[in-house]
Trainee: 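This structure is in structure tokens; I'll ask about it shortly.
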Amino acid sequence: MNTTVRRWGLVLGAALFVNSATAQEHQHEEHGSHTHGQAVLTFVLEGNEAELAFATPTVNIVGFEHQAKDEAQRQLVQKMIADFTNANWFSFDEQANCTVTGTDISSDLTAERTTQPQHADLNANYTLVCQNPARLQALTLDLATIAAGVEKVSVQWIVNGEQGARDWTPDSAALPLTAQ
């Protein structure tokens with residue numbers, strides 16, 4: 001299958017899954033899916049190609065949602081981007097041999113704006129290749145040092161046609177990527 005077509009299929013599938021899985025949960029929240037203390041992670045694996053997408057309000061990472069007002073805040077924003085670019089905050093089963101092959105990290109705090117954002121988010125998107133995708137059983141998150149304000153991550157996944165969802169908290173063990 002053409003890689004571009006497959007990738008768009010993964011993105012579309014993930015978007016549809018996330019929207020259907022979280023729409024009811026977020027209807028009662030004041031700001032939609034933008035909730036302090038929470039994040040959303042979507043993982044899609046088809047064959048040996050994978051996409052991981054993570055989104056959270058920047059207040060959970062740097063402590064604010066406005067444009068940096070001084071050098072200390074600018075450094076916090078730069079560190080946030082660097083930490084998520086490094087992609088060391090998540091891992092999979094070692095036997096699956098998954099490697100990050102691309103990153104796309106963006107935030108409302110780094111965008112040039114003419115108005116101040118009322119709510120700023122971080123969006124971290126990763127492309128991966130897993131040499132042994134059949135051995136992919138679990139996802140481990142380590143957000144304590146780079147996003148201490150995240151109290152809960154709503155995780156949704158599609159792994160070779162099987163889908164599931166679970167919540168992660170800082171005291172959670174590895175999340176099984178199997179149907180519930």
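Fair warning: this is a prediction, and the values are worked out from it, not measured in the lab. Reckoned from all heavy atoms, side chains included, excluding hydrogens, waters and symmetry mates. The first residue in the sequence is number 1, and the count goes up from there.
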Trainee: With side chains defined as the heavy atoms from C-beta onward, is the minimum distance between T145 and W89 less than 4.5 Å?
Mentor: no
Trainee: Could you go through L139 and L41, starting from their C-alpha distance and side-chain angles, then the distance that decides it, and tell me whether this counts as side chain to side chain contact (heavy atoms under 4.5 Å, CB included)?
Mentor: CA-CA 11 Å; L139 167 65; L41 184 146; 3.8 Å; yes
Trainee: So, taking the atom named CD in Q163 and the one named OG1 in T42, what distance separates them when rounded to the nearest 0.5 Å?
Mentor: 11.5 Å
Trainee: If you look at every heavy atom in I105 and N125, which pair is closest and at what distance?
Mentor: CD1-N, 4.2 Å
Trainee: Quick one: pull up CD in E65 and CG in L109 and give me the separation to the nearest 0.5 Å.
Mentor: 8.0 Å
Trainee: List the steps, then state whether side chain to side chain contact (heavy atoms under 4.5 Å, CB included) holds for T58 with F64.
Mentor: CA-CA 6 Å; T58 59; F64 56 89; 5.7 Å; no
Trainee: Excluding sequence neighbours, so at least two apart, what forms side-chain hydrogen bond (donor to acceptor under 3.5 Å, both in side chains) with D83?
Mentor: K79
Trainee: With side chain to side chain contact (heavy atoms under 4.5 Å, CB included) as the criterion, how do N132 and Q95 come out once you've worked through the C-alpha distance, each side chain's angles and the decisive distance to 0.1 Å?
Mentor: CA-CA 7 Å; N132 298 307; Q95 305 88 338; 5.9 Å; no
Trainee: Would you compute the distance between atom CG of L175 and atom OG1 of T140 and round it to the nearest 0.5 angstrom?
Mentor: 7.5 Å
Trainee: Q78 versus I81: any side-chain heavy-atom pair under 4.5 Å?
Mentor: no
Trainee: For Y126 versus T85, what's the shortest heavy-atom pair and its separation?
Mentor: OH-N, 4.5 Å
Trainee: Please confirm whether the backbone N or O of T127 pairs with a side-chain atom of T101, one donor and one acceptor, at under 3.5 Å?
Mentor: yes
Trainee: Let me check something: do V129 and I158 share a hydrophobic cluster, defined by ILVMFWY side-chain heavy atoms less than 4.5 Å apart, either directly or through other members?
Mentor: no
Trainee: For Q137 and A134, which heavy atoms make the closest approach, and how far apart are they?
Mentor: NE2-O, 3.2 Å
Trainee: Output the distance between atom OG1 (T110) and atom CZ (R74), rounded to the nearest 0.5 Å.
Mentor: 14.0 Å
Trainee: Give the minimum heavy-atom separation between A144 and A148, together with the two atoms involved.
Mentor: O-CB, 3.6 Å
Trainee: Hey, are the side chains of Q156 and V40 touching, using non-hydrogen atoms and a 4.5 Å cut-off?
Mentor: yes
Trainee: Has the side chain of S107 got a donor or acceptor atom that lies under 3.5 Å from a matching backbone atom of D121?
Mentor: yes
Trainee: In chain order, what residues pass the side-chain hydrogen bond (donor to acceptor under 3.5 Å, both in side chains) check against W168, with sequence neighbours excluded?
Mentor: none
Trainee: Is there a side-chain contact between N160 and L45 in this structure, where contact means two heavy atoms from C-beta onward sitting under 4.5 Å apart?
Mentor: yes
Trainee: Kindly write out the residues that satisfy salt bridge (charged side-chain N to carboxylate O under 4.0 Å, His left out) with R135, not counting sequence neighbours, or none if the list is empty.
Mentor: none
Trainee: Using the ring of each side chain (for Trp, its six-membered ring), is F54 parallel, tilted or perpendicular to F84, with breaks at 30° and 60°?
Mentor: parallel
Trainee: Can you name the closest pair of heavy atoms from K69 and Q73 and give their distance?
Mentor: N-OE1, 2.7 Å
Trainee: Atom CG in D108, atom NE2 in H119: separation rounded to 0.5 Å?
Mentor: 10.5 Å
Trainee: Does H36 reach the side chain of N60, with side-chain heavy atoms less than 4.5 Å apart?
Mentor: yes
Trainee: Using the ring of each side chain (for Trp, its six-membered ring), is F90 parallel, tilted or perpendicular to F92, with breaks at 30° and 60°?
Mentor: perpendicular
Trainee: Using a cut-off of 6.0 Å, state whether more than 12 heavy atoms not belonging to E94 lie near its atom CD.
Mentor: no
Trainee: Find the distance between CD (E71) and CG (L76) and round it off to the nearest 0.5 Å.
Mentor: 10.0 Å
Trainee: So, do C98 and L136 sit near enough that their side-chain heavy atoms are less than 4.5 Å apart?
Mentor: yes
